[in-house]
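Here's the structure we're looking at; comments come further down.
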Amino acid sequence: IGDWSSDVCSSDLFFVSLAVMLALGTITTTYTISAVILRQVPMWLTDITHSAMYVPTKFIFRIGMIPACCFMMLVWSAVGTMLKDYGGKVIRTLGIVSCCFLILSSSVIEGDGTTPWAVHIFGATGYFIISIITHSLVVAHLKYAPENLRETLTTKRIVLLLEFIVVLVDSFAGAMHLPKQAGPLCEWTLTFLNMTFLHTFVHDFLANGVTVNINVSSSTMPVYAPELTASDTVVVDIHPLPLKGAEKDIGLYALAQKA
């Protein structure tokens with residue numbers, strides 16, 4: 001039995017998990033190598049950028065973060081589709097743009113004094129600002145969405161509130177000239193919060209659908225359709241499933257979609 005809907009949902013879940021694990025795995029790996037193993041930078045507390053400035057971590061950072069950003073773009077594209085009736089187009093665009101800023105920031109880090117700091121800071125700051133704006137739009141629009149899409153709304157609100165608090169603390173620390181470790185601590189915290197918000201979409205993708213049970217010759221065929229909700233009227237097309245080399249069709253597959 002083939003089911004195109006569940007395939008789409010599975011790939012969305014895969015991209016979310018891969019993006020989060022690759023991003024967090026990259027920054028923790030570069031920190032561990034540069035600060036703990038090679039002692040190229042202070043262990044407490046080096047920011048993400050300086051953890052990725054020297055050999056070999058600058059190569060590891062690029063190899064990990066740039067693909068992670070590409071996967072994040074795919075996640076935001078899927079989120080835009082999921083929220084197509086609730087500001088999805090704007091959310092998709094801003095999410096993808098934020099990833100472009102992060103790619104720019106990650107691509108220019110060098111440890112030989114040639115890092116274009118204006119470009120790097122522009123990219124990193126743009127990423128965080130646009131990400132928080134995008135998160136705010138998601139939270140604002142989700143309250144009008146169906147119940148199955150609001151199950152993680154409270155979690156998203158808490159993460160967004162913490163993001164705003166971290167930004168305010170970081171701004172206050174800079175203005176008050178607090179110890180230099182305050183800035184890196186805020187950067188690490190904001191990054192983990194950002195990835196936490198992204199990972200909440202795993203549950204949303206799982207919840208964004210229904211299973212339609214189709215009775216065929218006294219047998220029940222479950223078809224998962226993530227673009228449907230329980231209140232939708234469903235049209236199901238049943239088709240023969242040919243097998244290469246067989247003399248006749250030996251199975252069925254079903255496509256479920258809105259009427």
Side-chain angles (χ1 to χ4, degrees), residues 15-35 40-41 45-80 87-138 159-160 163-164 166-167 170-171 173-174 180 183-199 201:
F15 289 137
V16 176
S17 300
L18 185 58
V20 172
M21 289 190 296
L22 191 55
L24 295 182
T26 297
I27 62 175
T28 53
T29 298
T30 54
Y31 172 80
T32 301
I33 293 175
S34 63
Q40 295 169 321
V41 293
L45 181 62
T46 298
D47 58 60
I48 295 173
T49 300
H50 284 82
S51 298
M53 290 187 69
Y54 305 101
V55 177
T57 54
K58 69 176 183 179
F59 302 115
I60 296 173
F61 193 79
R62 285 174 170 81
I63 291 171
M65 283 305 299
I66 293 176
C69 291
C70 294
F71 288 124
M72 282 190 274
M73 289 182 184
L74 294 175
V75 173
W76 283 116
S77 179
V79 171
K89 185 175 181 179
V90 175
I91 290 170
R92 176 196 292 118
T93 301
L94 288 177
I96 291 175
V97 169
S98 71
C99 296
C100 292
F101 273 85
L102 186 54
I103 290 175
L104 173 65
S105 174
S106 303
S107 302
V108 298
I109 300 174
E110 296 290 346
D112 57 1
T114 60
T115 300
W117 286 106
V119 176
H120 172 72
I121 293 172
F122 174 76
T125 304
Y127 167 72
F128 283 118
I129 291 176
I130 298 174
S131 291
I132 292 176
I133 292 173
T134 309
H135 296 174
S136 301
L137 289 175
V138 170
V159 174
L160 180 61
E163 286 180 323
F164 276 113
V166 171
V167 170
D170 186 46
S171 301
K180 62 181 182 179
L185 182 60
C186 288
E187 181 189 28
W188 282 95
T189 304
L190 192 59
T191 300
F192 277 93
L193 288 172
N194 196 283
M195 292 298 104
T196 300
F197 193 100
L198 197 69
H199 199 262
F201 291 121

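What you see is a predicted model, and the numbers here were worked out from it, not measured in a lab.
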Partners passing side chain to side chain contact (heavy atoms under 4.5 Å, CB included) against [X] (at least two apart in sequence or in another chain):
{"X": "F164", "answer": "I132, S136, L160"}
{"X": "S77", "answer": "R92"}
{"X": "S105", "answer": "H120, A124"}
{"X": "D170", "answer": "C186"}

Of all the heavy-atom pairs spanning [X] and [Y], show the shortest one and how long it is.
{"X": "I130", "Y": "L94", "result": "CG2-O, 3.3 Å"}
{"X": "G111", "Y": "Y54", "result": "O-CE2, 3.7 Å"}
{"X": "I109", "Y": "T115", "result": "C-OG1, 3.8 Å"}
{"X": "W188", "Y": "L45", "result": "CD1-CD2, 4.3 Å"}
{"X": "S98", "Y": "G95", "result": "OG-O, 2.6 Å"}
{"X": "S131", "Y": "N194", "result": "CB-ND2, 3.2 Å"}

For the atom pair [atom1] ([X]) and [atom2] ([Y]), what is the distance rounded to the nearest 0.5 Å?
{"X": "M53", "Y": "Q40", "atom1": "CE", "atom2": "CD", "result": "11.0 Å"}
{"X": "Y127", "Y": "C99", "atom1": "OH", "atom2": "SG", "result": "6.5 Å"}
{"X": "S34", "Y": "F61", "atom1": "OG", "atom2": "CZ", "result": "10.5 Å"}

Problem - Residues that F122 engages under ring-ring contact (aromatic ring centres under 6.0 Å, His included), provided they are two or more places apart - result: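 Once residues adjacent in sequence are excluded, the partners of F122 under the ring-ring contact (aromatic ring centres under 6.0 Å, His included) criterion are F101.
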Worksheet entry | Trace of the ring-ring contact (aromatic ring centres under 6.0 Å, His included) decision for F15 with W76 | CA-CA 10 Å; F15 289 137; W76 283 116; over 10 Å; no
Under 3.5 Å, sequence neighbours excluded: what are the donor-acceptor pairs made by side chains of residues 65-73?
none

Under a 4.5 Å cut-off applied to non-hydrogen side-chain atoms, are F197 and V138 in contact?
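Sidechains of V138 and F197: in contact.
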Restricting to pairs with a member in residues 22-32, which pass side chain to side chain donor-acceptor pair (under 3.5 Å), not counting sequence neighbours?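 As it turns out, there is no side chain to side chain donor-acceptor pair (under 3.5 Å) pair with a partner in residues 22-32 once direct neighbours are skipped.
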Among T46, D47, T57, which residue satisfies the side-chain contact (heavy atoms from CB on, under 4.5 Å) criterion with V41?
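Exactly one option meets the side-chain contact (heavy atoms from CB on, under 4.5 Å) with V41, and it is T46.
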| task | Walk me through it: do W117 and V108 pass the test side chain to side chain contact (heavy atoms under 4.5 Å, CB included)? | result | CA-CA 8 Å; W117 286 106; V108 298; over 6 Å; no
Residues which pass side-chain hydrogen bond (donor to acceptor under 3.5 Å, both in side chains) with E110, listed by chain and number, not counting sequence neighbours:
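Residues passing side-chain hydrogen bond (donor to acceptor under 3.5 Å, both in side chains) with E110: K58, R62.
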Legend entry - Under the side-chain hydrogen bond (donor to acceptor under 3.5 Å, both in side chains) test, residues paired with E163 that sit two or more places apart: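 Expected list: H135.
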Any pair with a residue in [range] that passes salt bridge (Lys or Arg N to Asp or Glu O under 4.0 Å), sequence neighbours left out, goes on the list, sorted by first then second residue, please.
{"range": "residues 120-136", "value": "none"}
{"range": "residues 183-196", "value": "none"}
{"range": "residues 20-30", "value": "none"}

